[in-house]
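Remarks on the structure that follows.
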Number of protein chains: 2
Amino acid sequence: MRKESSTNLENEVQINASCGMAYTLDLIGGRWKPTILWRLLDYGSLRYNKLRKSMPNVSERILILQLRELENDGLISRKIYPEVPPRVEYKLTELGWKLEPVLRLLSDWGDANRPIGY
Amino acid sequence: MRKESSTNLENEVQINASCGMAYTLDLIGGRWKPTILWRLLDYGSLRYNKLRKSMPNVSERILILQLRELENDGLISRKIYPEVPPRVEYKLTELGWKLEPVLRLLSDWGDANRPIGY
DNA sequence: CTCATTACTTACATTTATGTTAGTACTATA
DNA sequence: TATAGTACTAACATAAATGTAAGTAATGAG
């Protein structure tokens, strides 16, 4: 959990409010968020388990955390089917799809400029 | 300082190596890096003191840390003039300038999609 | 009754990022 | 001798992000 007040948090809030770049980076900047977003761009829609199995190194807790943050920020949606065993499907929202060109540019830049042998 | 080995670090390394998006985000993702890069896009070249005064909320230590990381990652250069009092000028490298379209897209997206009243 | 399946949650532990405060070296100028 | 100016560094402290291991609810199949 975050503290209710700290210089750290105040700085974050202030920067995000005044700098579009920082705001965008804050939305997509978690350790596993790029991977999640990329999968959803690829598959369109994914069940939790399939997503998880496509990311062998995340722990469940962290994966859920990142999914919740993306959901709270309006980038992905979570649809629960009332079945047993449960079924939950994740997909990009309209806002999430608006990110596509941004994500592709970030991806292309990284692939083009990552040092050789990195 | 970072540990030499930890799951955290291993995950970071592995993701950055396999995902261009994550790699790019890692380069520009510090708290004050967007602001620094934006200033340098704007001014072309900036002395340390002028940069600092344009960012009243960073502490010196953190500003220097972020500058060093950007320098180590090859995005900015640091030129020392052998004068007293000292003079140090920061500017974007060629690689740094290549980021310009990425930064502008991130900025535009954030400004366009940040919730009202945020 | 037992077990498998799915999408989680809980309690705990560690690592990493960020922030605070004070101090330094060097010289020119007053 | 004292002070100002610049670009830092050092020692310390806190906040936030990430990771580990185990457990849970619900139900159908065997």
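Letters A, B, ... are given to chains in the order of the sequence lines, protein chains preceding strands, and every chain is numbered from 1.
Looking only at distances, no side-chain donor or acceptor of B:E89 sits under 3.5 Å from a matching main-chain atom of B:K79.
The side chain of B:T7 contributes no N or O atom lying less than 4.0 Å from OP1 or OP2 of D:dT18. Between A:N11 and C:dT18 there is no side-chain polar atom (N or O) within less than 4.0 angstrom of OP1 or OP2.
Computed from coordinates, the A:E10 CD to C:dT18 C1' distance equals 13 Å when rounded to whole Å. A:E60 has its CD atom 13 Å from the C1' atom of C:dT5, to the nearest Å. When rounded to the nearest whole Å, the span between CH2 of B:W32 and P of C:dT18 equals 10 Å. Summarising the geometry, the separation between CD1 on B:I62 and C1' on D:dC8 is reported as 14 Å, rounded to the nearest angstrom. In this structure, CG of B:D26 is placed 8 Å from P of C:dA17, rounded to the nearest angstrom. Rounded to a whole Å, the CD1 atom of B:I64 is 13 Å from the C1' atom of D:dA10. Note: CD (A:E12) to P (D:dA16) measures 8 Å, nearest angstrom. Taking atom CD1 of A:I15 as the reference point, atom P of C:dT18 lies 9 Å away to the nearest angstrom.
If you find the closest nucleotide of DNA chain D to A:S59 and to B:V88, the one lying nearer the 5' end belongs to B:V88. Comparing B:V84 and A:P85 against DNA chain C, the residue whose closest nucleotide sits nearer the 5' end is A:P85. In terms of position on DNA chain C, the residue among A:P86 and B:P86 whose nearest nucleotide sits closer to the 5' end is A:P86.
A heavy atom lying under 4.0 Å from DNA chain C marks the following residues of residues 45-58 of chain A, by number: A:R47, A:Y48, A:N49. Non-hydrogen atoms lying under 4.0 Å from DNA chain C are contributed by A:R68, A:R78, all within residues 65-78 of chain A.
Residues A:S107 and A:W38 have side chains in contact (heavy-atom distance under 4.5 Å, counting atoms from C-beta outward). Residues B:W32 and B:L65 form no side-chain contact, since every pair of their non-hydrogen atoms from C-beta on lies 4.5 Å or further apart. The side-chain heavy atoms of B:Y48 and B:L67, taken from C-beta on, include a pair separated by under 4.5 Å.
Distances from the side chain of B:N8 to the nucleotides C:dT16, C:dT6, C:dT18 place C:dT16 closest. Listed nucleotides: D:dG19, C:dT16, C:dT18. Nearest to the side chain of B:S6: C:dT16.
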*asked:* What verdict does the side-chain contact (heavy atoms from CB on, under 4.5 Å) test give for A:L63 and A:I36, after you've listed the backbone C-alpha separation in whole Å, the side-chain angles of each residue and the deciding distance to 0.1 Å?
replied: CA-CA 9 Å; A:L63 179 55; A:I36 294 170; 3.8 Å; yes
*asked:* Show, in sequence, the C-alpha distance, side-chain angles and deciding distance for A:R68 and A:E71, and conclude whether the side-chain contact (heavy atoms from CB on, under 4.5 Å) test is met.
replied: CA-CA 5 Å; A:R68 291 291 182 276; A:E71 192 191 356; 3.9 Å; yes
_One pair to check against side-chain contact (heavy atoms from CB on, under 4.5 Å): B:I28 and A:W109. What are the steps and the verdict?_
CA-CA 12 Å; B:I28 63 182; A:W109 195 94; over 6 Å; no
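For B:E94, there are no salt bridge (Lys or Arg N to Asp or Glu O under 4.0 Å) partners at least two apart in sequence or on another chain.
Contact annotation for A:Y90: backbone-only contact, meaning every heavy-atom pair under 4.0 Å involves sugar-phosphate atoms and none involves a base.
Side chain to side chain, A:N16 and B:R114 fail the donor-acceptor criterion of an N or O pair below 3.5 Å.
Under 3.5 Å, the side chain of A:R61 and the base of D:dT18 form at least one donor-acceptor pair of N or O atoms.
Between A:I76 and A:L37, the shortest heavy-atom contact is CG2-CD2, 4.3 Å.
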